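These numbers come from a predicted model, not from an experiment. Every heavy atom of this structure was used, including side-chain atoms; hydrogens, water molecules and symmetry mates were not. Note on naming: letters A, B, ... go to the chains in the order of the sequence lines (proteins, then strands), and numbering restarts at 1 for each one.
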Amino acid sequence: MENTPSSIPEKLLKPYNPTEEESVIYKKWEESGYFTPENMIKDGLTKPDAEPFTIVLPPPNVTGVLHMGHAMMITVEDILIRYKRMRGFRTLWLPGTDHAAIATQSKVEKEIQKKEGKSRFDLGRDELLSRVNAFAQDSHDTIVNQMKVMGASCDWTREAFTLDEVRTKAVRTVFKKMYDDGLIYRGHKIVNWDPKGQTTISDDEIVYEPRKATMYTFKYSKDFPIAISTTRPETKVGDVAVAVHPDDARYAEFVGKTYTVEDFCGVPLTIKVIADQAVEKDFGTGALGVTPAHSITDWEIADRHDLPRPQVINEYAKMTVGDDRLLGKKVLDARETIVTWLKEQGLVENEEVLEQNVGTAERTGGIIEPLPKLQWFIDVNKQFTLQHSDINTIPSGSQTTLKEIMRATVGTGQIDIIPDYFTKTYFHWIDNLRDWCISRQIWYGHRIPVWYKGDEIYTGIEAPDGDEWKQDEDTLDTWFSSGMWTFSTLGWPEQTEDFKIYHPTSVLETGYDILFPWVARMILMTGYNLGTIPFKQVYLHGLVRDPQGRKMSKSLGNAMDPLDIAAKYGTDAGRIALVVGTTPGTDSKISEDKIKGYKLFANKLWNVSRFVLTNYSPEAAAASYTASDEGVLNAWHTEIAAITSAIDTFKLHVAAESIYHFIWDTFANGILEDSKPLLANEDAAIKLSRQKLLLTLLSESVTVLHPFMPFVTEAIWDVLPIDNKNLLMVQAWPTN
RNA sequence: GCGCGGUUAGCUCAGAUGGUUAGAGCGCAGCAUUGACAUUGCUGAGGUCACAGGUUCGAUUCCUGUAUCGCGCACCA
């Protein structure tokens with residue numbers, strides 16, 4: 001084994017140094033142009049008629065830096081993409097970023113408030129937008145850099161942004177179409193108002209937090225016949241009715257009667273007693289004070305009983321009625337005032353502390369105040385005609401609803417969710433889905449493409465002629481634009497080649513936490529606009545947690561930066577550590593120890609390469625295998641088949657572990673050790689056969705490992721004595 | 001309240017459409033080695049597969065129930 005070390009590249013004589021290799025390798029990949037599928041075809045690496053495989057990157061929010069959750073997403077997608085590319089598919093991974101409307105604006109607002117003590121209203125619309133745009137650009141650059149460090153093999157020539165020109169056109173086109181179909185309407189309805197962010201938010205943007213609250217049981221006045229219970233006495237100045245259950249004998253005699261309360265802490269009330277199914281007999285007194293303007297349930301009750309809906313709280317969560325005891329007071333102060341007044345009047349019958357869920361806005365933390373407002377909505381239950389449809393149970397030209405589209409695509413298996421138990425959760429969500437409020441009172445985002453002139457309303461792609469037209473001040477929910485991401489990124493509404501070739505996409509890979517806000521919305525938008533599905537398979541990864549199982553966050557100080565991991569252990573180690581031992585849909589814990597283990601693995605493979613190359617001689621290329629070497633090779637090929645099928649069925653953890661096990665235990669500890677005497681054998685046939693075998697096993701191992709650990713494998717491939725080789729990234733997947 | 005998921009080695013987790021001795025990584029114990037190896041290799045200890053019923057020739061795996069942890073949705077007067 002005193003072979004010529006001179007034929008061995010210098011770097012292979014030292015331990016593997018990821019930082020030295022990685023950036024150089026990424027540059028090579030990028031310069032090859034092979035992230036772009038058309039270049040693969042041009043160079044004969046992909047057949048022109050190859051089946052497309054498309055993933056559109058879930059666009060990271062331009063709110064800062066990528067975290068380990070993103071790292072998981074990028075790793076899984078890059079594994080699938082690299083694998084499919086090597087399998088000969090016309091493979092496109094289309095990157096982009098999301099303007100993320102509220103998330104980004106509120107982040108910038110917070111910073112400005114902190115540094116300059118100014119609100120967005122102090123700055124004005126234009127100034128705020130220029131600040132947000134600058135921040136977003138910065139954030140974007142950071143994110144792109146991080147993705148490159150992670151080895152993402154996406155086609156940067158096609159990069160998209162949810163707020164750029166092409167996407168704006170898509171948004172306006174869709175808005176107009178839905179408006180014309182009557183699916184988008186403007187209505188005065190009760191919405192979730194965030195007093196802190198000064199905007200409406202959708203049901204999906206509410207985070208419920210358990211808090212202690214005091215529930216007071218009292219009567220409106222001495223002579224009122226029924227006691228009610230509430231945790232929000234301040235809203236009671238907006239009551240118009242008391243609702244009881246229709247079967248409740250206790251109150252049957254009062255139903256239908258109307259009572260006048262002359263003075264409820266300075267406010268006169270007219271209360272009608274009604275019977276409604278929504279009331280629970282056993283909760284509290286079994287009687288519910290109905291406040292239509294400030295409770296979603298009560299709003300619905302008011303619908304059924306045709307009740308008035310006086311608003312008593314404004315957008316700043318302050319009281320708008322009463323005398324100086326209440327008027328202009330914040331809700332919490334008003335609550336105290338009313339409780340004190342109730343006690344003075346001797347009206348309180350009971351007080352009880354209980355835990356209740358308080359709705360807060362996920363981005364600002366503000367307590368949600370339900371308020372009636374004039375807003376834009378998408379009607380999810382309205383019938384419309386779907387002109388063209390590829391959706392299984394909805395024929396072209398038939399009547400359907402958005403809810404039905406969401407159900408049909410998944411229910412018939414046209415879209416496959418992995419893991420499949422999320423299918424049930426998905427249907428459950430659809431069942432509870434209400435009309436989607438899409439207007440936001442923030443400035444960063446797609447401005448609603450509606451113009452007003454007196455009583456006239458205009459909707460279109462461009463502003464109508466004439467200075468008198470004024471555009472709606474509001475912007476669209478960010479999910480409205482990300483809902484059309486699979487086709488807006490491909491150039492729709494133009495009928496581009498890209499759109500024709502790559503849509504519907506193949507796999508949508510994302511965290512299960514955005515199944516509802518995003519995945520469902522994409523299905524809705526695509527079904528409505530194109531009559532088809534946005535993707536065939538949905539792969540939901542779990543959340544990445546710290547070793548104690550906690551969510552990673554800056555405030556806990558347990559967040560890991562993918563860049564730090566790359567610098568310390570190499571990108572490859574971080575990538576495979578995120579995959580091994582994790583299953584789709586299940587949260588996983590990541591520790592530095594785990595990542596460190598895979599750094600050792602990269603080094604192990606490096607050392608295997610050194611051994612193989614040191615013992616290789618060029619004559620081996622033409623050698624034929626001995627029977628036993630043939631057997632070893634066949635066993636490995638059987639294993640490759642198993643690994644291949646594991647990847648095909650999204651069992652990436654199984655595939656990764658099998659390769660790891662093969663390389664370390666079977667190859668390094670077994671075959672390599674057995675080779676030592678064979679390589680010293682007198683018989684050249686035996687010796688050369690074994691040399692050839694080792695090189696073949698090594699080259700095929702790095703090929704199969706490549707999607708998981710792209711850098712170290714490419715670095716090794718680069719020094720293998722193989723004729724006419726291209727980049728490993730475009731090497732054909734071994735199939736036997 | 002409705003629904004979903006977990007409970008497997010000290011720790012973190014895989015896995016089996018029901019069938020010999022249930023796996024990995026880390027950790028632990030013992031031995032070996034300076035080599036292709038920032039060491040690594042070999043050997044080993046360690047498990048009533050949460051609990052209770054049921055189906056079955058056979059259940060950790062399937063079914064029912066219980067406990068417990070986590071999550072989602074709804075309610076939240």
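Within the 4.0 Å cut-off from OP1 or OP2 of B:A24, not a single side-chain nitrogen or oxygen of A:H653 is found. Regarding contacts with the backbone of B:A14, a side-chain N or O of A:T583 is found under 4.0 angstrom from either OP1 or OP2. Between A:W664 and B:G41 there is a side-chain polar atom (N or O) within less than 4.0 angstrom of OP1 or OP2. For B:A38, one of the phosphate oxygens OP1 or OP2 lies less than 4.0 angstrom from a side-chain nitrogen or oxygen of A:N603. Phosphate proximity of B:C76 to A:T297: present, with a side-chain N or O under 4.0 Å from OP1 or OP2. Between B:C4 and A:K424, a contact under 4.0 Å exists linking OP1 or OP2 to a side-chain N or O.
Residues A:W429 and A:D204 have side chains that bring a donor and an acceptor to within less than 3.5 angstrom of each other.
Atoms CD1 (A:I576) and C1' (B:A14) sit 14 Å apart, rounded to a whole Å. Atoms OH (A:Y426) and C1' (B:G5) sit 20 Å apart, rounded to a whole Å.
For the P atoms, the distance linking B:C42 with B:G25 amounts to 10 Å, nearest Å.
For a distance-only test at 3.5 Å, the side chain of A:N432 fails to qualify as a donor-acceptor partner of the base of B:A74.
Heavy atoms of A:A668 sit under 4.0 angstrom from at least one base atom. Nucleic acid contact class of A:L600 (heavy atoms, under 4.0 Å, all strands): sugar-phosphate only. In this structure, A:F422 reaches neither bases nor backbone, as no heavy-atom distance under 4.0 Å exists between it and the strands shown. Within 4.0 Å (heavy atoms only), A:V279 reaches at least one base atom of the nucleic acid.
A:I663 is not listed as a side-chain neighbour of A:K604, based on a closest heavy-atom distance of 4.5 Å or more.
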